[in-house]
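In what follows, a single structure is set out as structure tokens and then discussed.
This chain uses plain numbering: 1 for the first residue, then up along the sequence. For the numbers below, each heavy atom of this structure counts, side chains included, while hydrogens, waters and symmetry mates do not.
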Amino acid sequence: MSIGTMSRLTASDIAALDPYAFFAVLGKRVIHPGGRRATEELFQRADLQAGQQVLDVGCGVATTAIQVARRFGSRVTAVDIAPLMLAHARTNVRAAGLDAQVTVESGDIRALQFPDRAFDRVIAEAVTMFVDRARAAQELVRVCRPGGRVLATEFLWRQPPPPEARQTFLGEVCPGMQFDTLDDWVQLYQQAGLSSVQVTSGPFEMMTPAGFLHDEGLAHSLAIMGRALSRPSYLRKMAWLMPRMARAVPYLGYIVVAGVKPA
């Protein structure tokens, strides 16, 4: 799938997009809970260095993969299961001039195509909660070398949501997504084989006005808004999506999980 193909999405195609894919179509660059703040917290715990082999699973539009390569000099393999995301990722990597440092390819977190112990760092931002979480976490640990680090950002409930808010978010906005509390995530990654697990957490601000501006900047935020206004099908999708997300936002947060694969 090319960017040109995506520009010809029908109204039915747009209505069927999940929120992540929809915001990618609109041009949003940061599409995970916690936004840039969470990614910076992940970097603080990653000890990324030049020459390391880094795997970015569920890379989306490759925003984090590009930062890892550009800021730390690591070599990045960025994988995603969605053709739409892969098309955006390849375009963004090419535009950044990082084709020699960032490789983008199709991959499934439940069955990664890489051998055991292949990467120094393994990153997954908002991925495991869409699939069998235990299996996904085990795969992240499997492809990490002993002594390497696995790092993830995920949604969590900062406080128990009312049944309506939970059903709206998990049943309508992001059907099939699974997540719970901070302790639940820590236990999941410990059981997958990580030690020295550390976490930070915070509120879900990606879709608040302040969070949106922080993640995208003023000029790009205005460009996204302009794109959202450019087609009636985009406006209908926004009108359906935003009130439903608003019901869950007061209860949502993000967690950054970082752990070491024992030697």
**Request:** Evaluate the criterion side-chain contact (heavy atoms from CB on, under 4.5 Å) for residue pair Ile224 and Phe212; output intermediate values, then yes/no.
**Result:** CA-CA 10 Å; Ile224 293 168; Phe212 205 102; 3.9 Å; yes
**Message:** Checking Val68 against Asp56 for the side-chain contact (heavy atoms from CB on, under 4.5 Å) test, could you report, in this order, the C-alpha distance in whole Å, the side-chain angles of both residues, the deciding distance, and whether it holds?
**Reply:** CA-CA 9 Å; Val68 170; Asp56 183 4; over 6 Å; no
**Message:** Show, in sequence, the C-alpha distance, side-chain angles and deciding distance for Leu55 and Leu112, and conclude whether the side-chain contact (heavy atoms from CB on, under 4.5 Å) test is met.
**Reply:** CA-CA 11 Å; Leu55 177 64; Leu112 293 167; 4.2 Å; yes
**Item:** Full working for side chain to side chain donor-acceptor pair (under 3.5 Å) between Thr39 and Gln67
**Value:** CA-CA 10 Å; Thr39 300; Gln67 287 189 65; 5.5 Å; no
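Enclosure of atom NE2 in His220 by more than 12 non-hydrogen atoms of other residues, nucleotides or ligands within 6.0 angstrom is indicated. Other residues, nucleotides and ligands place more than 12 heavy atoms under 6.0 Å from the CD atom of Gln159.
The distance from the CZ atom of Phe119 to the OG1 atom of Thr77 is 4.0 Å, given to the nearest 0.5 Å. Going from atom CG of Asp120 over to atom CG of Leu48 covers 9.5 Å, rounded to the nearest 0.5 Å. With rounding to the nearest 0.5 Å, the separation of NZ in Lys28 from NE2 in His88 is 13.5 Å. In this structure, CZ on Phe179 lies 5.0 Å from CG on Leu170, to the nearest 0.5 angstrom. Between the OH atom in Tyr20 and the CG atom in Asp80 there is a gap of 11.5 Å [rounded to 0.5 Å]. Rounding to the nearest 0.5 Å places OH of Tyr234 at 16.0 Å from CE of Met225.
Side-chain contact between Val186 and Leu182: present, with at least one pair of heavy atoms (C-beta onward) separated by less than 4.5 Å. The shortest distance between side-chain heavy atoms of Leu9 and Leu17 falls below 4.5 Å. A 4.5 Å side-chain heavy-atom check between Lys261 and Val122 finds every atom pair outside the cut-off. The closest side-chain heavy-atom distance from Ile109 to Ile81 is not below 4.5 Å. The side-chain heavy atoms of Leu156 and Glu154, taken from C-beta on, include no pair separated by under 4.5 Å. No side-chain heavy atom of Ser201 sits less than 4.5 Å from a side-chain heavy atom of Arg158. By the 4.5 Å heavy-atom criterion applied to side chains, Glu125 and Leu42 are counted as neighbours. Two residues are said to be in side-chain contact when any heavy atoms from C-beta on lie closer than 4.5 Å; Asp18 and Phe130 fail this criterion.
Among Glu205, His32, Arg37, the one residue that satisfies the side-chain hydrogen bond (donor to acceptor under 3.5 Å, both in side chains) test with Tyr254 is Arg37. The side chain to side chain contact (heavy atoms under 4.5 Å, CB included) with Val93 is formed by just one residue from the set Val76, Val102, Val61; it is Val102. Put simply, the residue from Phe155, Tyr251, Phe204 that forms a ring-ring contact (aromatic ring centres under 6.0 Å, His included) with Phe169 is Phe155.
At a threshold of 4.5 Å between side-chain heavy atoms, the hydrophobic network of Ile, Leu, Val, Met, Phe, Trp and Tyr places Leu235 and Ile14 in two separate groups. One hydrophobic cluster, built from ILVMFWY side chains closer than 4.5 Å, holds both Leu252 and Val173. Hydrophobic clustering, with ILVMFWY side chains joined whenever heavy atoms are under 4.5 angstrom apart, keeps Val249 apart from Val30. Transitive grouping of hydrophobic side chains (ILVMFWY, heavy atoms separated by less than 4.5 Å) keeps Phe23 and Leu213 in distinct clusters. The hydrophobic cluster containing Trp185 does not contain Val260, counting ILVMFWY residues as joined when their side-chain heavy atoms lie under 4.5 angstrom apart, directly or transitively.
Here the shortest heavy-atom pairing between Val199 and Arg45 reads O-NH2, 3.8 Å. For the residue pair Ala165 and Arg247, the shortest heavy atom distance occurs at CB-O, 3.5 Å. Closest of all the heavy-atom pairs between Arg110 and Glu139 is O-CG, 3.5 Å. Listed here is the closest heavy atom pair of Arg29 and Glu216: NH2-O, 2.7 Å. Annotation for Asp108 and Gln113: closest pair N-OE1, 4.5 Å, computed over non-hydrogen atoms. Heavy atoms only, all atoms of each residue included: Leu151 and Ala258 are closest at CD2-CB, 3.7 Å.
Without hydrogens or angle criteria, Arg75 side chain to Thr103 main chain gives no donor-acceptor distance under 3.5 Å. Side-chain atoms of Gln101 come within 3.5 Å of backbone N or O of Ser74 as a donor-acceptor pair. Distance alone, capped at 3.5 Å, places no donor-acceptor pair between the Arg121 side chain and the Gln49 backbone.
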